[in-house]
Amino acid sequence: MKEIIRWPGIIVALLLVCLAYFLMEPLLKLVIEQTGTRALSTKVTLNAVEIAWSEQSLTLKGLEVADKDHPMQNKVEIDHIALQIDALDALTGHLLSEQVHILGVQFNTPRSESGALEEADESALADKTREKSNNSGDNSLPEFDLTSLGLPDIDSLVSKENSITYQRYQAFRQYLDEAKATYKVRLNALKDQQKIDDYKARYKDIKKAKGFMAILKSASKVNDLKKDIDKDLSEAKQLNRDFKQTKKEVERRIAELKKSPQQEADKLLQEVGVENGTQKISQYLFGPEMKAHIKKLKNWISTISAPNKKAESIHSEEQIPERGKGVFIQFAQANPLPLVWFKSTKLSGEFTGLGLPFTFEGEAHHLTDQQTLTKKSTTLDLNLQNDLVQDAEVNIVVDVRAEQKLSLKFDVKQYQLDQKPLSGNFTLDHALLDTQGNLSSVDDQLSGGINIELNSVSLKTSGDTFKKYPAIEKALADEDHVTAKVKLEGTIESPQFDINSNLDSIFNKVLKKVVDAQLAQYKNQVTVKIEAMLQQELSSSETSQSELFGMGGEINGAKDIFKDLIGKL
Amino acid sequence: MLTILANLLKFLNSNQNPSQLALAVCFGLAIGLMPGFSMFLLILLMMVCLIKANISLLVLIWGLFEAIAYIADPALHQIGLSLLTADSLQVIWTSLSQSSFWTLTAFNNSLVMGSAVAIIVLWLPVYFLVRILIIQYREQIQDVFKQLKVTQLLKGSKFFHVYQRLGN
């Protein structure tokens, strides 16, 4: 035994164990940094690693995960991670723990040195460019305006070419001219001097007749003359009747023309098609805000899922046999373990880096990279805190075992909102928010609903849009209680919101009043314009009209000529 | 190169136990063949510390078998792969893979398995062969060598100075 055992070697072995003991921490730090960097494709750094061998616990301090798109910024920074681990499992690369404390979680914090990876620079730049181009379209939110309520210029709306009143006037004028011409022809034909002279001559001739035979002969002439005069007399009577009818028709048409501007104004406003009761102002106020939040969620989901793809590619690369590396054969395991499984985790940190002014405390259960192995969904129960909120709870459940399921529930009570810019021209100057939501996403398909209740609301508007409509601005400013029910569907890529709010009815009520008043005024202006145009035309036709009406005396007199002749006969 | 050769001769001509020298060769072979990522390597290094084996010779042989391992890599991989994928052995491998300790040894790697098999197969034959060769060398060849004219000539050469220096 003495010949085989090298007793001083035991000391050397012990020294090696001691060395390993002291080197384990920096070695583990190095391993975590390198593995993390490779797995997440971004720089992962640690301030310190502490191992408590007696308690089998590991403490990681100052963990920083760089943002690959913004190298001078950390995606996540964690002050303190303490976990109890099984050393053997940890040595085989399985980080399993019953109880973990992850404290001081912060997002998007600044870095003291760049977190850029040389190999990742090119792809990151390409991703950044792609993201920028994607964002450029989404950020351009339309300004809120009421151009749909704008009415066209009266001069362009009312023109002779398109005016029904003018067309009616033209028809009237044509009728007047034609009637005048017809009556002139008929009157001239009736009052033909040659014909009358002929009647007179024939009368004189009859009167001259002397002797029985001549008198007998003239009796037949008298009869013929009477017939001719009677014919003209009845024509004169007919002319008189027709003229009276025409006069009536002219008067009717003038009366109709006088009503025409009013009718035309109504018709024109109908054609302009002003909608004054369907403005979805709540959709405009809250929609873009919600879309922005969903987009943020989507970005985070893609950030989380990207490293997995990389890890998969690394795994598949390992299957290719390389010299000096061999091939790992995987055998079926009775209880296969995930790489990471934190069964119960206490969490604390802050969301300010994500644009949410909250610190948080809470618990996560079954944080893992492989839910198919843990056979449990990951849950996250957080209590959000800040000076402005009474109570805010968020519950997130992630289940990716069969399909990508994400469920988010939140309940926020008495959250004081101040100077919160909303879309476009609106600012929520002050409000007290109560909101509950239940959203879920299954394979990118979104569904859910959100209830919003705002009390002590002070909503302000800016820009030129409302200067034209001060009543609307006032109505919105006066409303101090706003409720909204939001129904969410569609996909994470393009979410669809259906927002129903009391703000819509308030807004539309005032809007209707304003628009109705505006329409009445506008209608009046249109009517006046048409009437003026008609009046001008009617004045020009007045001569023609009085000429026609002036023919009445002549037409009436024509009858008397023939009556005299008949009387003489 | 001369230093290495001189080292080798020095071990052979020293009074060290042939078993220690044979063990050093066996350990050098094992460490040289075993891939670096297996925990077997750590166990072997610990054993080297505890068992009386000539460290210098071990390092020399280690280097030699590192080179041999590189050349024999495809063959070792094939041996390991055929063993790991053999149907009759699946029960054993599966039961071993349930244990964290065996997982740490990376026994399921084709190269580790091939190397381990090569080490197990070669260990005893190499040990006894080297031991016999050293004994035979010391008993029969060492004196004959010393009397050879070539050896006399070599004694005046640079090589001998290196050898002498190692002795001092």
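Here is the naming used below: chain letters follow the sequence lines, and residue numbers restart at 1 for every chain.
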- Task: Please say whether more than 12 non-hydrogen atoms of neighbouring residues, nucleotides or ligands are located less than 6.0 Å from CH2 in B:W62.
- Result: no
- Region of B:V112 that comes under 4.5 Å of a non-hydrogen atom in chain A: neither
- Message: I need the residue from B:S95, B:G80, B:S115, B:S97 with the largest number of non-hydrogen atom pairs under 4.5 Å to chain A.
- Response: B:S97
- Query: Of the backbone (N, CA, C, O) and the side chain (C-beta and beyond), which part of B:L33 lies under 4.5 Å from a heavy atom of chain A, both, or neither?
  - Reply: neither
- In Å, rounded to the nearest 0.5 Å, how long is the span from CG of B:L50 to CD1 of A:I11? 11.0 Å
- Note on the structure: SG (B:C49) and CG (A:L15) are apart, to the nearest 0.5 Å, by 9.5 Å
- Heavy atoms only: give me the nearest B:N108-A:F331 pair and the separation to one decimal. CB-CE1, 3.7 Å
- Message: If you define the side chain from C-beta out and look only at heavy atoms, does anything of A:V327 sit under 4.5 Å from B:L84?
- Response: no
- Note on the structure: If you tally heavy-atom pairs under 4.5 Å between each of B:Q98, B:Q90, B:M113 and chain A, the highest tally belongs to B:Q98
- Message: Testing the basics here: between B:S110 and A:G326, what is the closest heavy-atom pair and its distance to 0.1 Å?
- Response: OG-CA, 3.4 Å
- Task: Indicate yes or no: at least one non-hydrogen side-chain atom of A:K325 is less than 4.5 angstrom from one of B:L111.
- Result: no
- Item | From A:I329 atom CD1 to B:N109 atom CG, the distance as rounded to the nearest 0.5 Å | 8.5 Å
